[in-house]
**Q** 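Structure below; questions to follow.
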Amino acid sequence: MNVVVFGATSAIAQAASHFWAARGDRLLLVARNADNLNAVANDLRARYDVDIATHQADLADVAGVPDLVHSVFESMSQVDRVLIAYGTLPDQEACEIIPADAWPHLTTNFVSPVILVGELSRRMASHGGCIGVITSVAGERGRRSNYVYGSAKAGLMTFLQGMRHRLHGTKLHICDIRPGFIATPMTQHLKQGLLFAKPAKVAPRLVQAMDRGKSVVYLPGFWRWIMWVIRAMPTYIMHRTKL
Amino acid sequence: MNWESWGRYPRLSQTAKALYWQSEAPHLLAEGTYLPVGLGRSYGDVCLSDSGTVMTTKFMNRVIAFDHRSGHIRAEAGIALSDLLKVTLPHGWFLPVTPGTKYVTLGGAVANDVHGKNHHTAGTFGRHVTELVLERSDGRRIVASATNDEPWFRATIGGLGLTGLIVEVSLRLKRVQGPFVSQELIRFRSLDDFSKLTESSDRDWEYTVAWVDAARRSRGLGRGIFIRGNHASKQGKPDIPGPRINIPVQGPEWLLNPWSIRCFNNLYYHRPLKSGLQHFDPFFYPLDVLGHWNRLYGRRGFVQYQCAIDDLDLVGRILAYCAKHKRYSFLSVLKKFGNQPAAGTLSFPMPGYTLTLDLPADPNTLRVLDQLDQWVLDAGGRIYPAKDARMSRDTFKRCFPQWRDMQPFMDPRISSAFWQRVSGEKP
């Protein structure tokens with residue numbers, strides 16, 4: 001199978017790439033930092049003896065996305081799986097003081113993947129496959145601790161939902177991957193409690209959900225129930241929490 | 001992230017930051033001094049920072065290149081030996097030297113210049129390292145090997161992580177036929193018997209070590225089980241199991257008391273011995289099946305005392321002295337080192353015997369160990385820094401009179417609680 005990973009140096013993407021490489025899939029990794037990208041690719045090559053291609057690109061550069069997709073499909077004629085794993089976590093408090101600080105984050109977390117998924121779906125519709133997009137449980141309800149991040153993810157989730165509706169009946173699946181707390185560089189500053197999961201532990205579930213063409217998958221699975229409670233929580237209780 | 005040493009003594013408040021990439025500069029992530037660490041399997045305070053900031057490399061764990069034919073591997077320093085084996089063993093390559101746990105990082109193995117059951121044939125880990133890449137806190141990168149920047153190479157092997165952040169390690173692996181070891185277990189009744197066994201085994205057996213019953217007062221003093229093994233040619237799946245049982249919380253302090261430790265040692269000595277083919281994992285890493293076994297000692301934590309002395313009578317005197325003061329070691333190991341020259345400036349192994357004792361960290365233990373230090377020093381021996389949490393400044397300087405040779409190589413932004421304690425000055 002041919003797999004393309006956008007944001008290949010993210011911790012979850014690395015773990016998933018290990019999984020794909022171990023089963024012999026061909027990988028094309030796209031990331032911004034060339035040194036880190038090479039480190040990830042070399043690691044996969046040395047461990048699994050597989051074909052790994054790399055492409056350095058900055059996904060925050062929204063205007064460059066269509067060309068990027070074009071060159072990806074030039075180097076890989078057929079794509080079966082795409083994982084979109086890049087994202088940034090804005091400093092919520094800083095965005096409250098200077099609202100414009102949210103802009104680059106909204107671009108990277110919402111505008112860029114919207115264009116990317118759109119471009120990909122045009123090219124993948126005929127052959128089929130699965131596009132997996134990492135969103136977040138933060139997008140399911142606005143909460144004071146991270147609603148700037150959450151709103152970008154919520155927009156993206158709605159976009160994916162609509163696209164899934166449009167593609168219903170075709171061979172192309174859109175998988176909305178919603179991680180809870182995963183121990184990654186992005187969450188390093190948070191106190192790591194019992195709810196934190198390791199990327200390597202959740203990667204098999206991610207890969208499996210994409211193989212099966214699932215619509216929504218939580219990582220780990222128990223977040224489905226946690227989010228059910230959070231969504232169902234009456235506002236007057238929610239507002240008394242610091243969540 | 002919380003951070004503690006494996007012995008959980010001393011307890012110092014530590015903040016752990018994680019390094020994920022070689023492109024990250026650790027000196028920009030922290031203010032003041034810090035200490036690069038791996039998985040925190042050192043027993044005492046060589047893996048604790050006096051400033052309170054440690055930088056763990058355990059996520060900087062990528063393989064850079066692996067040549068299946070020559071058995072050379074180059075990897076980032078944070079890779080665990082358990083992970084490295086997953087990569088190399090399916091191709092018939094094993095670690096040239098391995099410590100008693102596979103949950104240490106490559107960088108940690110270099111920084112402590114660890115040894116294993118094959119010290120008499122292979123020397124220490126550092127002897128098999130072909131190149132190191134060191135990142136200094138001023139941003140300078142030093143590529144050191146036996147032929148290039150050799151003084152840096154020698155200072156970094158066994159250098160306790162103080163010469164800079166070790167970012168890459170190149171290692172020459174050892175060819176094996178399969179994942180099995182043919183082992184023989186032999187009960188011995190005294191240290192004299194041990195001596196005969198080790199003299200007669202060290203030529204034909206690649207791996208030799210002895211477990212000693214350190215809970216005997218007089219009768220049966222120095223009895224134990226001699227373990228010897230060679231890699232076997234039998235093929236098999238190179239599985240690398242994780243811990244089978246996890247100790248989830250720290251045990252109560254009374255759990256490991258003189259009585260229960262004596263009982264355990266007695267049972268262990270009399271257990272039925274089965275020689276023959278053994279999977280490499282339980283042979284090399286018997287304790288790895290118990291995740292977090294260090295929690296068994298409870299809140300107080302424990303100290304491991306490992307000394308090297310060229311005098312078997314002294315080993316007997318140490319065991320007798322500990323027994324007299326009811327300081328029974330839960331798990332005690334005795335091994336005869338070989339004559340290989342040391343790979344690093346501060347490398348611990350030297351010709352002679354090495355004895356390892358696990359003791360609960362309490363005032364009585366510390367008093368007993370101070371006495372042992374005196375005997376070890378008088379015999380011209382050494383204490384192993386990777387295990388130590390309590391030796392005095394004077395003891396360290398007499399064990400390692402070459403410690404001053406390290407000064408020119410110390411990174412000014414890196415410091416450990418151990419070094420602060422034994423050198424008496426900020427490096």
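So you know, we letter chains A, B, ... as the sequences are listed, proteins then strands, and number each from 1. In this text, all values refer to a predicted model and were calculated from it rather than measured experimentally.
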**Q** Work out which heavy atom in C175(A) is nearest to a heavy atom in C130(A); give both atom names and the distance.
**A**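 That closest heavy-atom pairing would be CB-SG, 3.9 Å.
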**Q** Just verifying a value: how many Å separate F94(B) CZ and L89(B) CG, rounded to the nearest 0.5 Å?
**A**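 Answer rounded to 0.5 Å: 7.0 Å.
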**Q** For chain B, which residues from residues 33-52 of chain A have at least one heavy atom closer than 4.5 Å to it?
**A**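 Residues N33(A), N36(A), A39(A), V40(A), N42(A), D43(A), A46(A), R47(A), D49(A) are the ones that qualify, each having a heavy atom under 4.5 Å from chain B.
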**Q** Go through the atoms of D67(B) and report whether side chain, backbone, both or neither lie under 4.5 Å from a heavy atom of chain A.
**A**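 Contact with chain A: none, neither part.
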**Q** Please flag which part of I79(B) lies under 4.5 Å from any non-hydrogen atom of chain A: side chain, backbone, both or neither.
**A**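 Side chain only.
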**Q** As a test of understanding, state which of K153(A), R224(A), E140(A) forms a side-chain contact (heavy atoms from CB on, under 4.5 Å) with R178(A).
**A**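 Single side-chain contact (heavy atoms from CB on, under 4.5 Å) partner of R178(A) among K153(A), R224(A), E140(A): E140(A).
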**Q** Does any heavy atom of chain A fall under 4.5 Å from the side chain of E24(B), the backbone, both, or neither of them?
**A**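 E24(B) has no heavy atom closer than 4.5 Å to chain A.
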**Q** Ignoring hydrogens and angles, tell me if any N or O in the side chain of R295(B) forms a donor-acceptor pair with the backbone of P248(B) under 3.5 Å.
**A**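 It does hold such a pair.
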**Q** Whether R62(B) engages the ring of W21(B) as a cation-pi pair (distance to the six-membered ring centre under 6.0 angstrom, angle to the ring normal within 45°) should be assessed.
**A**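 Judged by the rule, R62(B) and W21(B) form a cation-pi pair.
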**Q** Would you mind checking which part of T9(A) comes under 4.5 Å of any heavy atom in chain B, side chain (CB onward), backbone (N, CA, C, O), both or neither?
**A**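 T9(A) touches chain B through backbone and side-chain heavy atoms alike.
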**Q** Just checking, any donor-acceptor pair under 3.5 angstrom between side chains of E168(B) and Q22(B)?
**A**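 A pair is found: one side chain offers a donor N or O, the other an acceptor, under 3.5 Å apart.
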**Q** W93(B) ring centre to R175(B) NZ or CZ under 6.0 Å, with the angle to the axis within 45°?
**A**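 Satisfied, under 6.0 Å and within 45°.
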**Q** Applying side-chain contact (heavy atoms from CB on, under 4.5 Å), run through R205(A) and L219(A) and close with a yes or a no.
**A** CA-CA 7 Å; R205(A) 189 175 162 82; L219(A) 300 181; 4.0 Å; yes
